[in-house]
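Because only heavy atoms are used, hydrogens play no part in the values below, and waters and symmetry mates are left out as well, while side chains stay in.
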Amino acid sequence: ANLIVSIFVTAGLIILILSVSFSGQGLGGSKGTVDSIDKWPIGYLGEDVILSCKFKTSTNSRESTSQVSITWTKEGLSEVVYKYDKGAVQLAEQNPQFKNRTLLFSDAIGGGNASLFLRDVKVGDNGVYYCSVNTPSCSGTASVNLRAAAFSAPKFKRVNTTLTAEAERWFPKPNITWLDVNDNVLNESETSFFNNSAGITRFISSLQPIKLYGSYTCIIQNPLVKAISQATIKDTEISAKTFFSFNTSAAPPILLPQWHVLAATASVFLWIYQLT
């Protein structure tokens with residue numbers, strides 16, 4: 001029994017060592033690390049956003065920009081988003097969607113910064129971007145999933161026993177829920193949605209009947225943003241406050257064992273089977 005336990009412990013150590021030794025290399029044999037510190041950024045429509053991409057050389061030394069190649073592409077597009085090669089920007093094959101809207105931080109490239117600055121985020125910018133870096137000591141690709149969003153706090157008004165919340169800018173289209181002071185869901189509401197040419201949603205949501213002295217909560221939520229708006233009514237006066245929270249999480253990728261680790265695992269357990 002002790003022999004079998006020892007064999008399994010040894011096998012586990014062998015697999016761990018193999019996994020660690022090969023973890024720095026993909027099937028393409030990259031020599032450094034290319035990664036993003038923010039793989040799921042949220043870009044506010046009409047504002048600017050930075051798509052993070054960093055590369056680290058095996059020696060941690062600064063790279064000569066004349067030896068660095070950086071290409072940003074977007075899933076589903078044949079043309080590039082941005083290309084930098086051997087010290088020069090090359091935009092002859094740039095997709096028109098990104099004309100005059102993208103740039104790199106040229107002074108930081110030598111230190112391993114390949115991040116993309118994207119101006120004036122639009123609905124069509126949603127999607128997966130790829131940052132590919134090649135240098136004499138580093139090569140690899142990192143993915144960044146940009147999620148465009150718009151959100152705004154609602155304005156409240158009361159007419160008789162009807163409380164109305166109206167917000168001008170939401171994307172994607174949100175769901176609206178009303179709660180009373182005890183956080184019970186109120187179903188006596190009607191909501192209308194209106195989309196403009198850019199796909200941004202405006203909504204008007206009305207709740208009735210309400211008390212002339214009371215507190216109500218309007219929850220506005222889409223997959224990216226959640227707004228909790230609390231309205232307190234005192235006769236003809238309404239005081240309101242809104243709290244925003246953002247979904248920055250994403251499901252972790254499913255990491256499949258690499259072929260060399262699988263092969264080693266199979267060999268070790270075949271050895272165990274033969275011994276037992």
I'd like to know if the side chain of [X] and the backbone of [Y] have a donor-acceptor N/O pair within less than 3.5 Å.
{"X": "Ser36", "Y": "Ser52", "result": "yes"}
{"X": "Trp170", "Y": "Ser152", "result": "yes"}
{"X": "Glu79", "Y": "Glu93", "result": "no"}
{"X": "Asn247", "Y": "Pro223", "result": "yes"}
{"X": "Asn160", "Y": "Thr162", "result": "no"}
{"X": "Asn182", "Y": "Asn184", "result": "no"}
{"X": "Ser206", "Y": "Thr164", "result": "no"}
{"X": "Asn145", "Y": "Trp40", "result": "no"}
{"X": "Tyr84", "Y": "Leu103", "result": "no"}
{"X": "Asn126", "Y": "Ala148", "result": "yes"}

Glu237 atom CD, over 12 foreign heavy atoms within 6.0 Å: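 Atom CD in Glu237 is not packed in, count stays at 12 or less.
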Minimum heavy-atom distance between [X] and [Y], given as atom pair plus value:
{"X": "Glu188", "Y": "Leu207", "answer": "O-CD1, 3.3 Å"}
{"X": "Ile233", "Y": "Leu212", "answer": "CG2-O, 3.2 Å"}
{"X": "Ala167", "Y": "Pro154", "answer": "CB-CA, 4.0 Å"}

Cationic N near anionic O, under 4.0 Å, Lys122 to Asp120: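 Counted as a salt bridge, because a side-chain N and a carboxylate O are separated by less than 4.0 Å.
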Derivation of the side chain to side chain donor-acceptor pair (under 3.5 Å) call for Ser132 and Thr141: CA-CA 4 Å; Ser132 299; Thr141 299; 3.0 Å; yes
Polar side chain donor-acceptor pair, Trp178 to Ser205, under 3.5 angstrom: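 There is such a pair between these side chains.
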No-hydrogen, no-angle side-chain donor-acceptor test under 3.5 Å, Ser115 and Asn113: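 Result is yes, a qualifying pair exists.
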Plane angle bin for Phe98 and Tyr129 - parallel if under 30°, tilted between 30 and 60°, otherwise perpendicular: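 Taking Phe98 first and then Tyr129, their aromatic rings stand perpendicular (interplane angle over 60°).
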Charged tip of Lys226 within 45° of Phe246 ring normal and under 6.0 Å: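 Negative - Lys226 is either too far from the ring of Phe246 or too far off its axis.
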NZ or CZ of Lys234 within 45° of Tyr213 ring axis and under 6.0 Å: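 Verdict for Tyr213: no cation-pi partner in Lys234.
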Heavy-atom check, side chain of Thr201 versus side chain of Lys173, under 4.5 Å: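 Answer yes - side chains close enough.
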Linked, directly or transitively: Tyr216 and Ile238 (ILVMFWY side chains, under 4.5 Å):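 Yes, it is one cluster - the side chains of Tyr216 and Ile238 are joined through contacts under 4.5 Å.
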Spacing of Leu186 atom CG and Cys218 atom SG [to the nearest 0.5 Å]: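 One finds 11.0 Å between CG of Leu186 and SG of Cys218.
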Audit row: Trp72, Val144, side-chain contact (heavy atoms from CB on, under 4.5 Å) steps and yes/no: CA-CA 10 Å; Trp72 277 90; Val144 180; 4.1 Å; yes
Check: Phe151 ring centroid to Tyr44 ring centroid under 6.0 Å: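 Phe151 vs Tyr44: aromatic centres under 6.0 Å.
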Candidate pair Gln97 and Asp125, rule side chain to side chain donor-acceptor pair (under 3.5 Å), full reasoning: CA-CA 9 Å; Gln97 174 183 340; Asp125 294 334; 2.9 Å; yes
